[in-house]
There are 2 protein chains.
Amino acid sequence: MNIGEVSKRAKLPAKTIRYYEEIGLILPQREPNGYRVFRASELHKLEFVGRARAMGFSIEECRTLLALWDDRNRASADVRALAARHLAVIEARMDDLRAMHATLSDLVTACAGDDRPDCPILSTLAADGAPPDREL
Amino acid sequence: MNIGEVSKRAKLPAKTIRYYEEIGLILPQREPNGYRVFRASELHKLEFVGRARAMGFSIEECRTLLALWDDRNRASADVRALAARHLAVIEARMDDLRAMHATLSDLVTACAGDDRPDCPILSTLAADGAPPDREL
DNA sequence: CCTTGACCTTCCAGTTACGGGAACCCTCAT
DNA sequence: ATGAGGGTTCCCGTAACTGGAAGGTCAAGG
C-alpha cells in the first residue's frame with residue numbers, strides 16, 4: 001500500500017503520515033524506488049492514532065498508548081490512568097472556556113450592536129467602567 | 001516606567017511585552033540608554049490586551065479591538081460582531097471538548113483499571129471490538 | 001518515443017504566542 | 001572594584017502540522 005491509499009483509508013492527510021514517520025510513530029518500509037510501503041499493521045496504527053487524536057490525546061500520549069496497545073502484558077490501570085489524566089485536562093479546558101463564555105456572552109448581550117460607539121465590551125476590556133450588570 | 005514596573009502592573013511577563021512591541025501592538029519610546037519607556041497609555045493598552053487574551057481573543061483580534069477602542073467613531077456593531085464570532089469559536093471548541101469528554105469518561109468508567117490487560121479504552125481506539133455499552 | 005497526469009519524494013518555511021537562556025550593558029551601593 | 005538587580009538583543013524551541021517548490025516514477029495514450 002502506498003501513502004495515498006493509506007491516507008484514504010486512515011483518513012489522515014499524507015503530510016500527516018509523513019510527519020508521523022519523521023517523529024517515529026510508524027516505520028513504513030521503502031520500495032526500491034523510494035516510495036513508502038505500508039502493511040496492514042501500520043494502517044491499523046494510523047487508524048488508532050487518528051482516533052486517539054480525535055479524543056484529544058497529544059502525540060506523545062498517542063505514542064504511549066501505542067506502546068501499551070503493543071504490550072500484551074500491560075495493566076489496564078496504566079491505560080486508565082493516562083486516560084483519566086487526559087480527562088482532567090479536558091475538564092480544565094472546558095472550565096476555562098466556560099468562564100470565557102459566561103463573560104463574553106453577557107457582554108455580547110449587553111452590547112447594543114448599532115452604529116453608536118458606546119460598547120460595554122470595550123468598556124470592560126478597558127476596565128474604565130464596570131460591566132453593565134455583572135461582576136467579572 | 002520601565003518594563004519591570006509595567007510587567008508588574010499589567011501582570012504580563014516582560015518577555016510578552018517585548019513580544020507585543022515586536023509585533024507592533026505597542027510602541028514604547030526609548031531612553032538614551034536603550035531602555036523602553038512606557039507611558040500610562042501603553043500600560044492601559046497592555047492591561048486591555050491582557051484582559052482580551054484572558055477572554056480567549058487571538059492577538060490579531062486584540063489588535064482589531066485596540067483599533068476599535070482607539071476609534072471614537074467606531075460602531076458598537078463592529079465590536080459586537082467580533083465578539084460574537086469569537087463566542088462561536090468558543091462554543092465550537094466546547095462542543096469538541098464535550099464530545100471527547102463523553103467518549104472518554106465512558107471509557108474510563110468501563111475500564112477496570114487493574115493489573116489485567118483487557119481494556120475497553122484500547123479496544124475502542126483499535127476499533128477491533130465495539131465499545132462495551134455505548135456507540136462511538 | 002515522447003508526453004501528460006497522477007502519483008510519489010525531499011526540503012524549507014510558516015503557523016501561534018510566547019518561554020528559556022546566553023551574552024552583554026546600565027546604575028547604584030558597598 | 002565588585003556585586004546585585006535592573007535592562008538589552010538574539011537565537012532556539014515548542015505542537016502538530018500545512019503549504020509549496022523542485023523533482024523522481026510510472027502507466028497510458030498519441
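Keep in mind that this is a model prediction, so the values were computed, not measured. Below, chains carry the letters A, B, ... as their sequence lines are ordered, and counting in each starts from 1.
In this model, the phosphate group of C:dA17 is not approached by any side-chain N or O of B:T16 to a distance below 4.0 Å at OP1 or OP2. In terms of phosphate contacts, B:R53 brings a side-chain nitrogen or oxygen within less than 4.0 Å of OP1 or OP2 of C:dC18. Taking side-chain N and O atoms only, A:R30 has no distance below 4.0 Å to OP1 or OP2 of D:dT25. Within the 4.0 Å cut-off from OP1 or OP2 of D:dC26, at least one side-chain nitrogen or oxygen of A:N33 is found. The side chain of B:R63 places no N or O atom within less than 4.0 Å of a non-bridging phosphate oxygen (OP1 or OP2) of C:dA17.
Computed from coordinates, the B:I23 CD1 to C:dT15 C1' distance equals 14 Å when rounded to whole Å. C:dC18 atom C1' lies 10 Å from atom CD of B:E22, rounded to whole Å. If you take OH of A:Y19 and C1' of D:dA15, they are 6 Å apart, rounded to a whole angstrom. Spacing between atom CD of A:E31 and atom P of C:dT10 amounts to 13 Å, rounded to whole angstrom units. Look at CE on A:M1: it is 16 Å from C1' on C:dC8, rounded to the nearest Å. We find that CD of A:E5 is positioned 18 Å from P of D:dC26, with the value rounded to whole Å. Counting to the nearest Å, the C1' atom of C:dC18 and the CZ atom of B:F57 are 20 Å from each other. Taking atom CD of residue B:E21 and atom P of nucleotide C:dC18, one finds them 15 Å apart after rounding to whole Å.
Remark: A:R93 does not engage A:D96 in a salt bridge, criterion side-chain N to carboxylate O under 4.0 Å. Between B:E22 and B:R18 there is no salt bridge, since no side-chain N of the basic residue sits under 4.0 Å from a carboxylate O of the acidic one.
Test A:E31, A:E42, A:E21, A:Q29 against A:R36 for side-chain hydrogen bond (donor to acceptor under 3.5 Å, both in side chains) and you get one pass: A:E21.
Closest approach to the B:K15 side chain among C:dA17, D:dC17, C:dG20 is made by C:dG20 (side chain taken as heavy atoms from C-beta onward). For A:I3, the listed nucleotide lying nearest its side chain is C:dT9; candidates were D:dC17, C:dT9, C:dT27. The side chain of A:Y35 approaches D:dG24 more closely than any other nucleotide in the set D:dC17, D:dG24, C:dC26. Candidate nucleotides D:dT8, C:dA17, D:dC26 were compared by shortest atom distance to the side chain of B:R18, and D:dT8 ranks first. Taking the side chain of B:Y20 as heavy atoms from C-beta on, and the options C:dT10, C:dC18, C:dT27, the nearest nucleotide is C:dC18. The side chain of A:N2 sits closest to C:dC8 out of D:dC17, C:dC26, C:dC8. Checking C:dT10, C:dC18, C:dT27 against the side-chain heavy atoms of B:I59 singles out C:dC18 as nearest. Residue B:S58 has its side chain nearest to C:dA17 when only D:dT8, C:dA17, C:dT9 are considered. Nearest to the side-chain atoms of B:R36 among the listed nucleotides C:dT9, C:dC11, D:dT9 stands D:dT9.
Taking every heavy atom of both residues into account, A:L104 and B:M55 meet most closely at CD1-O, 4.1 Å.
With 3.5 Å as the limit, one finds a donor-acceptor pair spanning the side chains of A:D114 and B:S76.
A continuous path of ILVMFWY side-chain contacts below 4.5 Å connects B:L66 to B:L68, so both sit in one hydrophobic cluster.
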